[in-house]
Structures are given as C-alpha cells and as structure tokens.
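Below is one structure, written out as structure tokens, with a few remarks after it.
The chains referred to below are lettered A, B, ... by the order of the sequence lines, with proteins before strands, and numbering in each begins at 1.
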Amino acid sequence: MLRSHTCGDLRREHVGSTVTLCGWVSRCRDHGGLAFIDLRDRYGITQVVFHPGEGATLHEEGRSLRSEDVIQVTGVVEARAEKDVNPKLPTGQIDVRVKTLKVLNKSKTPPFEPGTSELPNEELRLRYRFLDLRRPALQQNMILRHKISKLTRDYFDSLGFLEIETPVLGRSTPEGARDYLVPSRVHPGAFFALPQSPQLYKQILMVAGYDRYFQLARCFRDEDLRADRQPEFTQIDVEMAFVEREDILSAIDGLVSHLINGIRGEQIPLPLPRYAYFDVMERYGSDKPDFRFGMELKCIADIAGRCGFGVFKSTIESGKRVRGLCAPQAADKYSRKTIDELTEFVKNYGAQGLAFFRVKDGALDSPIAKFFSAEDQKAIIERFDAKNGDLLFFVASDAKVTSAALAALRSRLGKELKLYDPMQMHAAWVLDFPLVTWNAEENRWDAEHHPFCSVHPDDVELLKTDPGKVRAQSYDLVVNGYESASGSVRIHDPAIQQTVFDLIGVTAEQAESRFGFLLDALRYGAPPHAGIALGLDRWVMMFAGNDNIRDVIAFPKTQKASDLMTGAPSDVDTKQLRELHIKSDVK
RNA sequence: GGGGCCGUAGCUCAAUUGGUUAGAGUACCGGACUGUCGAUCCGGGGGUUGCGGGUUCAAGUCCCGUCGGCCUCGCCA
C-alpha cells in the first residue's frame, strides 16, 4: 500500500502519529513560508502543510505543486489551534505536517478544476469525464448508486431470488423501441439486437422453473434522449412465478421501503398508495403525476357549456372538454407577461390557448370574466375550493390535449411555486392501465405496455366488443413524477396470447416468426407469472435529488448519443465492414 | 423530424443602437508573504468571438447555412 490512511480518515485522535497519504492536489495556498495543500481523494480532503523548518528542498517542492498533481506525503498529524479549525471539513481539526513528499504524477494544467464549485459547461465535463468524476458531488452519486445496487441485491437475495444473467446479444423484435443492431460476421446479412429489456428471457426463465428471478440488467433503446433518458441504462429486472399481481406489488413495496430506509434511514408506511389509471388521468392529466402536491385538475364542462365565452361553449358543444387547475396564491406572482409565457408553454402540448382568472373578492377577475355569470363564477371558485389570490387556468380541447397541457402546467407551477420538498420521495402505484391504445396513424390497436401483458379477468369479454376499455393487469410505480418501475402479470396461455396478437394486428405467422421461441415455451408447462422492472438510474437520480440522469452514470452519452470522451460512435476500417458484409451508403 | 436556449481568453462571464486597441474574475507564468482554508498583494503572458458564407464604410453584435451542447414535442411495446 502506498498509503496508511485516506484523506477522509484523520481526526484529533490521530494527533502525533506518522501517516502516509496519497491523493490529488485540490487547492494550494502558498504563503511563502508556510504552504498549505488540500489533498483530495474520494474519501475526503485533508490539509497538508509544508513547513520551511522541514528543509528548503522539501519546502520548495511543496510550493511548486499544482492542481491535480498526484502526490504521496508522509508526515505527522498535528492538532490545529482552536482558531485554525476548519468546521467545513470532517478532518478540519488536524493537518499533516509533511516530512517527505513524492510526486507520483504531475498533472497538465487541467481545463477545469474538480476542487472548485464553479462548474464549466457540460460539454467540457463530458469530454474530460475523468476530471468531472473526481468532483466530490459526482463521487457521492457513484457511491449512492453502488449502495442502491447493493441494497437491491441484498433484498432480493434475502427473499430467495436468484440473479441470473441474460444475453446482451439477442434477437431483434421489431415492436417497441428501435433496436441497436450488431452485425454477425459468420451469418452474412444477419444481425443481433441489444436487449431493450430482458423481457422474453425472464419469462422463459419462469417456464424453466426459476420462479424468483432478478437481475441488474443493462438495456439499450435507440430512441431520442431526454434529461431522464439514456440510450443505455440499467433496469432492476424482476420476475416471479406462481404469483398474482398482489405478490409483485408487495415485493416491490418491500424493496422501496428497504431502499428508503437503507439510504435515508427513514421508515415509510406500507403498502404504498394505489391509484387507478383512469382516476389519475382525470385528476392529474398524466399517468405519472408528481403526488407530492395537490393542484388537481377539475372539469367545468357544465359551466363552460352554458357560459357566454365562445371558445368554451363551442368546445363543449363539439363533445370535447374544458378542464383547469388552481394555482394557490399565484395571482400576484404571475403577471400578464408571464401568463403569456405559460400560454406559449401549453401550446407545445397542443393547447390552442390558456384561459386564466384571478380570484379576487370572491369573484373572478380576467378579460373573459364578463362572459360568466356571478353564479357561475362562484360555482367555479367552489369547484376548485379557490381562495382570494389564487390563479385559475383552463384549457379547452379534447381529453388528450387538456390532459397533456394541464399536466405539464401543473408540473411547472408546482416547481415554480415550490409546492413540495424536492428531496422528498413519494412512491405510489398506478394500476389498471388500458391494454391497448388506438394508433390512428397505423389504423390499429397497439399494446400499451407490451404484447405479453395479461388481461384484467373482468374485461375478457370486452376484448372483442370494446378493446379500448379493456384493462390490463399492469402497474407502474410512480415516484416524484417519474415512471420509476413498470410491470404486469403475463399471459401464460398460448390461446389468450394469440387473441391479444390478433387484436394488435400480429398474425399467427408473424408471432411465430418473431416470438416463436416464447410461444413454444409457453406450450411446455408455463406457470402463471408476473414481473416488473425498475429504472435503476432514475432511482439513483431521485435519491440524489438530481434531475439529470447523466450525473448518476459514470460515462453517459450526450443528447445525440455520443460519448465525448472516447469519441464513440466512430468510423471503422473498411476491413471491419467487409468482414461484416456491410456496405455503407454514407460518403 | 419539429420548437426553444446557448457557443467570446484554459474556465466562468461582460462588451450601449452595428462604431476606436474585445474587458473582468479565475486559472497559468514571475515576484512578495509563516496559519491559510474561495488566502492576500504586485506584475506578466494569453483571443481566427465554434466554423463557412453574406449585408455594411464598419460585424462579437444583423442575415443565411453548418457543427456542437442543453431543454422539449414527436418517439421511448
């Protein structure tokens, strides 16, 4: 070992002992006589002191150190005088008087300094990821990620689950997200696909008798990125046999409790709250609302239909909806100009406009208030339980647009008005999603979750008569407005499976050619089974109180899915392409 | 594929309506300084304003294109 302690170890009790530390030079304070160096590693920061009394050569060497040099120092732990204690550092009661210094590696002048709080733009951070990862904030995220993985493995292990790895090189199944493809050298013209999730493998593991499976599985989806979405991410993948929905929900309740207790030391009440998809869409306009605050959506179709405001009236007459929300005590915080900005904002979600009313002296105050009778103004105020000083917003459009626009507005206002504690974790289930949704472009039904999701037992009859009303035995775990887990009870009967395929327009031949191996497996004694997958990256992000998934991934990709550090993806030799029987039409 | 924001010294930013030699802090280099912890003080070097066109007497500033980063709609079974 090149060191006796880390830079986070030393305390007053070590005073007098001789220690050896290694680390990176974080900051230098050179007084000509005394020179102070903040020495940093992932455990902390320790101040080391170069004293002129320890010899001119050593002193000069100490003074010549610069940011990010890697050094090894041996010295004596000394107590700081009371006035010199640094309360910001856990090691702030001591420093190390250096007796010998070894520069293990000199650093070039870094493009930015991990030791300062001022952050450069993200492009530079990604290009020099090794420097960015030296920052204590990112190191804490990596440590947090490790802890969550460890707690997860411990939890499932304690319940008798087996972690089983599934292939990364698999078969392309064209449904769902776009696949990342890997060409086969030995099968000219054929491709592997990287898994979007281990879905089919884990169901086959159930058939194979591994009735409690989990895996921290890397997944790949070639779709556009977002702040909370990377093309390559990690799922906590879970599947159980001989179970019902309830067993999955309670198993994951237990995991969530285990994680929150393990990371935050907090106990949460179980079971987690459960909501029906339909209710959540009606009350929040989103299937993944942030439940940490209220500000629920309300419908005013009755009032809108009889008011004098043409836009509202004609919307209701054409069978559409007028819904709104009440922003508490926001009337003075949002000027006409900022409301105009909000109007532009909701237009991104298809809304034509945004009607607003300030609540003032028990009535509505707005350019369009005159179109509403005093009774209707009062009725609106009562419906929202609005108080003087509140600000009401309304969107008139179909169910989809009013939901999307108001959900986005609710989310934005909740953040701007600080209606919740950003560090709070609130987890709740959303149940009974529709099995299928109508795809107007392709003129057919699409699976909402995936094609292997089983049908709610009460709704089997509706499959043939009114597919849009059929509920799936599926469930999402929603945390702080993020879809943090999603799963379902699976179909284990090949006949029902084919019924669902028929519904979503997959012929028996297509099903055989794409998923034949799964369908075949289901014919050889498939137990009833169900499962779920949690987005590990998002969980780490939420525990970190962060809203950027890149900060919890060691080597993330940019929005254009490239790696600025390595330069991936890159050109390859024509020789490689020839071996893979690939011709490119680029260039 | 669409919408928005951004790109000026190594870094973070400034630069009036288009107007003289593009500034500041920090980092870097040199000097002073024995208890600092965002050390302080003095001095110095450092710029193809992302790139390519265009308008103009004159472009960091206006226009077009392009590259890159971020946010977002679509997309993500």
Side-chain angles (χ1 to χ4, degrees), chain A residues 26-39 45-53 59 63-64 66-68 78 80-89 91-92 95 97 108-128 131 173-179 196-197 199-200 219-231 233 341 344-350 401 404-405 408 412 433 435-437 439 441 445-453 472 474 483 486 488 500 504 506 514-515 533 535 547-548 550 557-560 562 564:
Chain A
S26 194
R27 299 195 74 83
C28 315
R29 290 175 294 279
D30 178 5
H31 286 231
L34 289 172
F36 302 96
I37 300 287
D38 289 339
L39 193 62
I45 286 175
T46 298
Q47 176 167 277
V48 301
V49 184
F50 289 90
H51 199 286
H59 183 239
R63 290 180 64 200
S64 73
R66 291 295 177 269
S67 283
E68 304 312 307
E78 294 185 326
R80 297 197 195 186
E82 200 55 47
K83 69 177 177 57
D84 294 331
V85 166
N86 185 346
K88 292 180 195 163
L89 292 180
T91 61
D95 45 36
R97 182 173 172 134
K108 287 173 67 178
T109 299
F112 66 94
E113 292 183 64
T116 62
S117 54
E118 198 172 62
L119 274 184
N121 68 60
E122 194 164 1
E123 194 173 347
L124 200 75
R125 290 173 49 203
L126 290 170
R127 177 153 147 62
Y128 294 93
L131 295 180
T173 55
E175 284 73 20
R178 197 174 291 115
D179 281 327
Q196 296 173 26
S197 79
Q199 181 62 34
L200 302 177
C219 305
F220 307 86
R221 294 179 188 176
D222 186 6
E223 298 292 346
D224 286 350
L225 281 68
R226 288 287 186 282
D228 64 342
R229 246 162 52 188
Q230 281 274 303
F233 61 101
E341 280 172 27
E344 289 307 306
F345 175 71
V346 297
K347 283 180 180 171
N348 294 328
Y349 301 86
V401 168
R412 175 170 169 167
F433 279 71
L435 184 74
V436 291
T437 49
N439 182 333
E441 272 176 33
W445 295 99
D446 277 345
E448 171 80 17
H449 181 57
H450 60 56
F452 315 107
C453 179
S474 63
E483 179 194 314
S486 183
S488 64
V500 172
I504 62 176
V506 177
R514 291 174 196 173
F515 315 110
D547 53 14
N548 176 349
R550 295 180 296 277
K557 308 251 183 315
T558 69
Q559 194 173 42
K560 287 199 175 152
S562 53
L564 297 181

Look at the side chain of A/E113 and the base of B/U26, then say whether one donor and one acceptor between them are separated by less than 3.5 Å.
no
Heavy atoms from C-beta onward define the side chain here; which of B/G69, B/C70, B/G35 lies closest to that of A/D84?
B/G35
Give A/L119 one of three labels, base, sugar-phosphate or nothing, depending on what nucleic acid heavy atoms sit under 4.0 Å from its own.
sugar-phosphate
B/U26 - base-pair partner by Watson-Crick or wobble geometry, distances under 3.5 Å:
B/G10
Does A/R29 contact B/U34 through a side-chain donor or acceptor facing the base, at a distance under 3.5 Å?
no
Checking all strands, does A/R178 fall into the base, sugar-phosphate, or nothing category for heavy-atom contacts under 4.0 angstrom?
nothing
B/G46 versus B/C62 - spacing of their P atoms, nearest Å:
29 Å
From B/G35, B/C33, B/C76, pick the nucleotide closest to the side chain of A/R80?
B/G35
Does any donor-acceptor pair link the side chain of A/R226 with the base of B/G74 at a separation under 3.5 Å?
yes
Does A/N121 reach a base, just sugar-phosphate, or nothing at all? Heavy atoms under 4.0 Å.
sugar-phosphate
How are the rings of A/F452 and A/H450 set to each other: parallel, tilted or perpendicular (split at 30° and 60°)?
tilted
Just checking A/S488: base, sugar-phosphate only, or nothing, at a heavy-atom cut-off of under 4.0 Å?
nothing
Within the structure shown, what part of the strands sits under 4.0 Å from A/Y349 by heavy-atom distance: base, sugar-phosphate, or nothing?
sugar-phosphate
Verify stack between A/H31 ring and B/G35 base, 5.5 Å, 30 degrees:
no
Under the 3.5 Å rule, do the base of B/G35 and the side chain of A/D95 count as making a donor-acceptor pair?
yes
Is there a donor-acceptor pair under 3.5 Å between the side chain of A/H59 and the backbone N or O of A/G53?
no
If you check every side-chain atom of A/E223, which of B/C71, B/C70, B/C75 has the closest atom?
B/C75
Return yes if the base of B/C11 and the side-chain atoms of A/R125 contain a donor-acceptor N/O pair under 3.5 Å, otherwise no.
no
Would you call A/R229 and A/E223 a salt bridge, taking side-chain N to carboxylate O under 4.0 Å as the test?
no
Describe the nucleic acid contact of A/P451 in one word from base, sugar-phosphate, nothing, applying a heavy-atom distance below 4.0 Å.
base
Take the protein atom CG of A/N348 and the nucleotide atom P of B/U72, then report the distance between them rounded to whole Å.
12 Å
Whole-Å gap separating P (B/G50) and CG (A/L124):
16 Å
For the pair A/R221 (side chain) and A/Q196 (backbone), establish whether a donor and an acceptor sit closer than 3.5 Å, ignoring hydrogens and angles.
yes
Backbone of A/T558 reached by a side-chain donor or acceptor of A/R550 within 3.5 Å
no
Pick the P atom in B/C76 and in B/A9, then give their distance to the nearest Å.
41 Å
RNA chain B: 5'-proximal contact among A/R27 and A/F36 (nearest heavy atom):
A/F36
Provide, to the nearest angstrom, the distance between the NZ atom belonging to A/K83 and the C1' atom belonging to B/A39.
13 Å
Of the candidates B/C37, B/A27, B/G25, the side chain of A/D38 sits closest to B/C37
Looking at every strand, decide which applies to A/S197 at a 4.0 Å heavy-atom threshold: base, sugar-phosphate, or nothing.
base
Mind checking who B/C5 pairs with, Watson-Crick or G-U wobble, both distances under 3.5 Å?
B/G69
From C-beta outward on A/Q559, which listed nucleotide comes closest to its side chain: B/G38, B/U36, B/C71?
B/C71
Checking B/G30, B/C76, B/C71 against the side chain of A/R550 (C-beta onward), the nearest is B/C71
Selected nucleotide, minimal atom distance to A/T558 side chain, candidates B/G69, B/G25, B/G38:
B/G69
Spell out yes or no: do the side chain of A/D224 and the base of B/G74 have one donor N/O and one acceptor N/O closer than 3.5 Å?
yes
note: A/R412, atom CZ; B/C73, atom C1'; distance rounded to Å ~ 15 Å
What are the two closest non-hydrogen atoms of A/P451 and A/I504, and how far apart are they?
CB-CD1, 3.9 Å
Checking all strands, does A/D30 fall into the base, sugar-phosphate, or nothing category for heavy-atom contacts under 4.0 angstrom?
base
P atom, B/G23 versus B/U49: distance in rounded Å?
14 Å
Please tell me which of A/D228 and A/H51 maps to the more 5' nucleotide of RNA chain B, matching each residue to the nucleotide holding its nearest heavy atom.
A/H51
Record whether the side chain of A/R221 comes under 3.5 Å of the base of B/C76 through a donor-acceptor pair of N or O atoms.
no
Between B/U20 and B/C73, how far apart are the two P atoms, rounded to whole Å?
43 Å
How would you label the contact of A/E448 with the nucleic acid (heavy atoms, under 4.0 Å): base, sugar-phosphate, or nothing?
sugar-phosphate
A/L225 near the nucleic acid: base, sugar-phosphate alone, or nothing, with a heavy-atom cut-off under 4.0 Å?
nothing
